[in-house]
Amino acid sequence: MSAHAEPSPSAVRASQDVRSVVGRLRRRIRAAGDTGDISLTQASVLARLTDTEGLTVSDLAAIEGMRHQSMASTVAALDGLGLVERHRDPGDGRRMLIALTAEGRRRAEEGRAARGEWLADQLQRKCTEEERQSVIAAMAVLERLIHD
């Protein structure tokens, strides 16, 4: 399909369906993480920090699509709970990196496990084996969309 051709009705319908379902599924999965005393935004920040040695407040704000000031408040709250700590960037001492504490890592990993368990349970209880195989195949198709 050329870049200027109108999308087919099926492409438009698939686009609408994927966006709608993925959005609702994402909210349900996030809620399954039972964040307890922290907000969903704070839980998202903890999850972002699990795979890194540290990010700046600006980095986190850009990733989460938030204003710097809002992210600074979010990080301050997590710091107050002992879930994150700040340290100087070894490559640039002017920058402060935000990293998980041991407790922050534990909370993030517990949330990730709870979300994964919830989704696996829903797929087991509500889908047949054939439907689960269809989901796996559909994910391969959607994965192709995110690669140029």
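Counted within 6.0 Å of CD on Glu131, heavy atoms from surrounding residues, nucleotides or ligands total more than 12; the atom is thus considered enclosed.
At distances below 3.5 Å, not a single donor-acceptor pair connects side-chain atoms of Arg95 with backbone N or O atoms of Arg88. When atom types are taken as modelled, the side chain of Ser20 and the backbone of Gln16 share no donor-acceptor pair closer than 3.5 angstrom. Put simply, the side chain of Arg30 never gets that close to the backbone of Arg26: no donor and acceptor are under 3.5 Å apart. For Thr74 (side chain) and Ser70 (main-chain N/O), a donor-acceptor pair under 3.5 Å exists by modelled atom type. A distance-only check finds no donor-acceptor pair linking the side chain of Asp79 to the backbone of Ala76 [under 3.5 Å]. Between the side chain of Arg105 and the backbone N or O of Leu100 there is no donor-acceptor pair closer than 3.5 Å. In terms of modelled atom types and a separation under 3.5 Å, the side chain of Thr50 and the main chain of Ala47 share a donor-acceptor contact. Listed for the Glu64 side chain is no donor-acceptor partner under 3.5 Å among the backbone atoms of Ala61. A side-chain donor-acceptor contact under 3.5 Å links Thr101 to the backbone of Gly82. In this structure, the side chain of Arg19 engages the main chain of Ser15 through a donor-acceptor pair within 3.5 Å.
Side chains of Thr41 and Ser39: no donor on one and acceptor on the other come within 3.5 Å.
Of the charged side-chain nitrogens involved, at least one lies within less than 4.0 Å of a carboxylate oxygen, so that Glu129 and Arg132 count as a salt-bridged pair. At a threshold of 4.0 Å, the pair Asp121-Lys126 does not count as salt-bridged, since none of the basic side-chain nitrogens sits closer than that to a carboxylate oxygen. Salt bridge status for Arg106 with Glu103: present, with a side-chain N to carboxylate O gap under 4.0 Å.
Each of Met96 and Leu60 belongs to its own hydrophobic cluster when Ile, Leu, Val, Met, Phe, Trp and Tyr are linked at side-chain heavy-atom distances under 4.5 angstrom.
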